[in-house]
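For clarity, every value in this text was computed on a predicted model and none was experimentally measured. Numbers here simply count residues along the sequence, with the first being 1.
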Amino acid sequence: MAEAMSAFGLAVRRAAASPAPWVSHAAASNDAAGVTAGGVRTLLRLEGAVVLGVALAAYAQFGAGWGAFALWLFVPDLSMLGYLAGPRVGAALYNAAHSYVGPVLLLALGVLAAMPWAVAGGLIWCAHIGLDRTLGYGLKYAAGFNLTHLGRIGRADPW
């Protein structure tokens, strides 16, 4: 029984060490684990563009005023101040502000409770996230600000 368990453990470790057969070689050789590449990265950026476009169209129909839109569009980026407390805290705060969970809940609250300010806020927040994803700014890893789920942002360190 112990030999069978040992052989099973060895097989699991070998399977975990090699990339899955559906992972492309480019994705398997990225700097950070969990970083998307190739067609998947393109699809995620296109998805961001669609979210941005739909949020803008819905906001235009909603008619809350473009001054408010411009004023609040980059508020989620204030979460980057969390990096002053270190990369782990910064990544957690940034990801909380750049996940679709918050704006979708705010939109649901606005629609269900008939709160126009919540609908406008949710649409602006979705537009911000869509813009970021379209430009390639993804959710952050705690290893550093420029390591995202959509790939490395910025120039590589020359040193």
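Atom-to-atom distance recorded for K140:NZ and F145:CZ is 4.0 Å, nearest 0.5 angstrom. To the nearest 0.5 Å, atoms CG (N146) and OH (Y141) are separated by 13.0 Å. With values rounded to the nearest 0.5 angstrom, L106 atom CG is found 9.5 Å from I124 atom CD1.
Here the closest non-hydrogen pair linking L107 and V119 is CD2-O, 3.5 Å. The heavy-atom pair separating S79 from P76 by the smallest distance is OG-O, 2.7 Å. Residues L52 and A127 come closest through the heavy atom pair CD1-O, 3.4 Å. Across every non-hydrogen atom of M115 and L109, the tightest pair is SD-CG, 3.8 Å.
Listed for the H149 side chain is a donor-acceptor partner under 3.5 Å among the backbone atoms of L139.
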Show which side-chain atoms of residues 55-75 pair as donor or acceptor with protein atoms under 3.5 Å away, not counting sequence neighbours.
{"from": "Y59", "atom 1": "OH", "to": "G65", "atom 2": "O", "distance (Å)": "2.6"}

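Pairs passing the side chain to side chain donor-acceptor pair (under 3.5 Å) check and including a residue from residues 95-116, sequence neighbours excluded, read D77-H98, H98-H128, H98-D132. Among pairs with a residue in residues 38-50, none fulfils side chain to side chain donor-acceptor pair (under 3.5 Å), at least two apart in sequence or across chains.
In this structure, I129 and V51 have side chains that are not in contact, with every pair of non-hydrogen atoms separated by 4.5 Å or more.
In the hydrophobic clustering of this structure, L135 groups with L78; members are Ile, Leu, Val, Met, Phe, Trp, Tyr whose side-chain heavy atoms approach within less than 4.5 Å, directly or through other members. W125 and V104 fall within a single hydrophobic cluster, where Ile, Leu, Val, Met, Phe, Trp and Tyr side chains are chained together by heavy-atom contacts under 4.5 Å.
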